[in-house]
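Letters go in sequence order (proteins before strands), and every chain restarts at 1.
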Amino acid sequence: MFDGAFWSINLELLRGFANTCLLFVVTLVASLPLGLVVCFGSMSKLTPLRVLTRLFIWVIRGTPLMLQVMIVFYLPGLAFGMPIENRMGAVMIAFIINYAAYFSEIYRGGIESIPKGQYEAGQVLGMTDSQIFFKIVLLQVVKRILAPLSNEVITLVKDTSLARVIAVGELIRAAQDIVAQQAIIWPLFYTGVFYLVFNGLLTLAFGAMEKKLNYFRG
Amino acid sequence: MAMLQVSGLTKKYGALDVLKGIDFTLDKGQVLSIIGSSGSGKTTLLRCLNFLEKPNGGKITLNDGILFDATDAKTATSDEIRQKRLHFGLVFQSFNLFPQYTVLENVTLAMDLQEKDRAKQQKRKPSKEAIQNNRKKARQILKDVGLEQKADSYPFQLSGGQQQRVAIARALALEPDILCFDEPTSALDPELTGEVLRVMKELRERHTTMIVVTHEMDFAYNVSDKVIFMANGKIEEEGTPQQVFDTPKSELTKAFVNKSKNL
Ligand SMILES: Nc1ncnc2c1ncn2[C@@H]1O[C@H](COP(=O)(O)OP(=O)(O)O)[C@@H](O)[C@H]1O
Ligand SMILES: [Mg+2]
């Protein structure tokens, strides 16, 4: 099995995996901060903003990501006569929006779990709202949401495989191409190793972060 | 002229009248104890003084300056409120220390942030010297409350009594005109209340102006210059500790004082 074909198949798969990684990184880098913005919207004192944001979160979380990818890709062409050329771009947009919605709910849960007394202690010490958030609340929130966040990030690794519904050449799509061309099935199963190793590394990274924040309780 | 003058202070939560017109004065260097049964509005009064709640009516004057006046139409900006808050310090029943910071950092944090704010306004870098001084000052205050050895500990490593002493140090660091305490020993095991009360007595020796909401009747009797008994959102009786505890005029005060004695 470990002949020339094995290595060339590995190379093919790695090309797909590069796309998988690209989608993962771009989605993460964009949706983590965007999620915070969405979170502030969903906690806003301005009722219209809050209601709209929660409606948005409900729609995003209430429909399949696969459907969202297809909508982002096909809708501009069908509705406005402006077909999207960049398939990967469309997938990224759908993923970023989707994950921002999920992250925002994780953030909200974390922020709302911080005792009111922490804010009030900051207030009576004359701190501004942003000082209270960034200097007092944020790190405590991070510590509390690390576990749900790691769940979501691991899900994202696996969700990248949805990109193939609009023919983006991610890892599984690359394997399927090989399967179709060479009439062998194992490359498809073998992709599982890539996901496992990737998620194994992520699990280690999150474990390290959790350990790092173990110096305090709260 | 008294340092603090509170007049006609009212606070409603919806239809509930929690404070029904509170009037009192406090002189510099004096200790005022506020006693009263649970739900009588003691916490709400402290929260109004610290601008954690906005009163519905009344006036708060400090050192001849008006801090709050309900009849004044223009509402204070959040920056103004922040400045006003600094006249008061507040020690909470549940300490509310910042768990991710060491004891020393808990005490220096607000001072350092103030220096950063000043630096930003003056378009300069925060002065290393000022930050250094803050640390020195914090260490001195921690020494005063008997916690110099715990400067590098984290809150979770401390007993409740130690945590509350850190909270007091944290409030003192900003040198408030008046330091308020909301049942500072209520969350503590009985054997830990002593160390906190001792620190408060020492503050009194140094003429720190204090308002103390407390269930510690011995403390109220022995340490305060003035006692206020609150009932149903009003000041039912006020006077020297001897007046309120030994010769109460109001029946409600009598009942409350007798009940506390029997505990
Ligand atoms: N945020 C709030 N909303 C509604 N009611 C409140 C709030 N805070 C306090 N109250 C009510 O105000 C009354 C006085 O409360 P509080 O000032 O905490 O009394 P005390 O500290 O004397 O026990 C109580 O009846 C309490 O239920
Ligand atoms: Mg209370």
Side-chain angles (χ1 to χ4, degrees), chain A residues 32 36 39-41 43-47 49-50 106-150 206-218, chain B residues 43 46-47 49-53 77-103 105-114 116-117 120 152-158 163 166-167 170-176 178-180 182 187:
Chain A
L32 281 173
L36 197 58
C39 168
F40 288 148
M43 294 173 63
S44 169
K45 287 192 193 100
L46 300 172
T47 307
L49 179 60
R50 187 180 62 246
I106 294 179
Y107 295 154
R108 187 163 69 89
I111 290 173
E112 288 178 347
S113 76
I114 303 299
K116 209 171 73 193
Q118 290 289 306
Y119 294 89
E120 292 181 347
Q123 284 173 334
V124 296
L125 291 169
M127 297 184 197
T128 63
D129 287 350
S130 88
Q131 286 171 341
I132 290 172
F133 183 76
F134 287 106
K135 295 289 178 180
I136 299 174
V137 177
L138 186 59
L139 194 63
Q140 297 182 51
V141 171
V142 169
K143 183 179 166 88
R144 285 172 189 224
I145 65 174
L146 225 40
L149 214 52
S150 85
F206 271 101
M209 280 189 268
E210 255 172 63
K211 209 166 158 197
K212 196 144 194 230
L213 290 182
N214 256 345
Y215 75 91
F216 73 91
R217 299 206 189 128
Chain B
T43 296
L46 286 192
R47 291 174 62 83
L49 292 178
N50 281 275
F51 295 89
L52 290 176
E53 303 286 351
T77 67
S78 62
D79 264 348
E80 285 165 355
I81 291 178
R82 236 158 33 83
Q83 287 309 315
K84 292 173 181 197
R85 270 192 188 125
L86 290 174
H87 292 292
F88 294 89
L90 179 59
V91 173
F92 300 86
Q93 185 175 340
S94 49
F95 331 134
N96 297 340
L97 295 180
F98 307 131
Q100 73 267 44
Y101 292 118
T102 64
V103 164
E105 289 164 344
N106 263 277
V107 180
T108 54
L109 180 64
M111 290 191 286
D112 289 351
L113 289 175
Q114 283 183 0
K116 277 183 195 154
D117 275 352
K120 211 164 157 194
D152 298 319
S153 302
Y154 286 91
F156 80 92
Q157 298 168 315
L158 306 181
Q163 290 191 48
V166 176
R170 183 176 69 174
L172 284 172
L174 295 182
E175 301 175 21
I178 298 176
L179 188 51
C180 304
D182 191 5

Contact class of B:K116 relative to chain A, heavy atoms under 4.5 angstrom
side chain

Let me know if B:R47 has heavy atoms under 4.5 Å from chain A in its side chain, its backbone, both or neither.
side chain

Against chain A, work out which of B:N50, B:D117, B:L113 has the most heavy-atom pairs shorter than 4.5 Å and name it.
B:L113

Engaged part of B:L52 at the chain A interface, taking heavy atoms whose separation is under 4.5 Å:
side chain

B:Q100: which of A:K135, A:Q140, A:K143, A:R217 passes side-chain hydrogen bond (donor to acceptor under 3.5 Å, both in side chains)
A:Q140

Euclidean distance, A:Q123 CD relative to B:R82 CZ, rounded to 0.5 Å:
11.0 Å

Minimum heavy-atom distance between B:L174 and A:L125, given as atom pair plus value
CD1-O, 3.4 Å

Report the C-alpha separation of A:F216 and B:F156 in whole Å, then their side-chain angles, then the decisive distance to 0.1 Å, and conclude whether the ring-ring contact (aromatic ring centres under 6.0 Å, His included) test is met.
CA-CA 7 Å; A:F216 73 91; B:F156 80 92; 8.5 Å; no

Which one, A:G122, A:G117, A:G218, leads in non-hydrogen pairs under 4.5 Å with chain B?
A:G117

Between B:F88 and chain A, which part of the residue has a heavy atom less than 4.5 Å away: side chain, backbone, both or neither?
backbone

CG of B:D79 to OG1 of A:T128: how many Å apart, nearest 0.5 Å?
8.5 Å

Looking only at heavy atoms, the pair that brings B:L86 and A:G126 closest together is CD2-CA, 3.9 Å

If one checks every heavy atom of A:Q131 against chain B at 4.5 Å, the contacting part turns out to be side chain

Would you check, one step at a time, whether the test side-chain contact (heavy atoms from CB on, under 4.5 Å) holds for A:V124 with B:F92?
CA-CA 10 Å; A:V124 296; B:F92 300 86; 3.9 Å; yes

B:L97 versus chain A, heavy atoms under 4.5 Å apart: side chain, backbone, both or neither?
backbone

Which pair of heavy atoms, one from B:F98 and one from A:M127, lies closest together, and at what distance?
CE1-CE, 4.1 Å

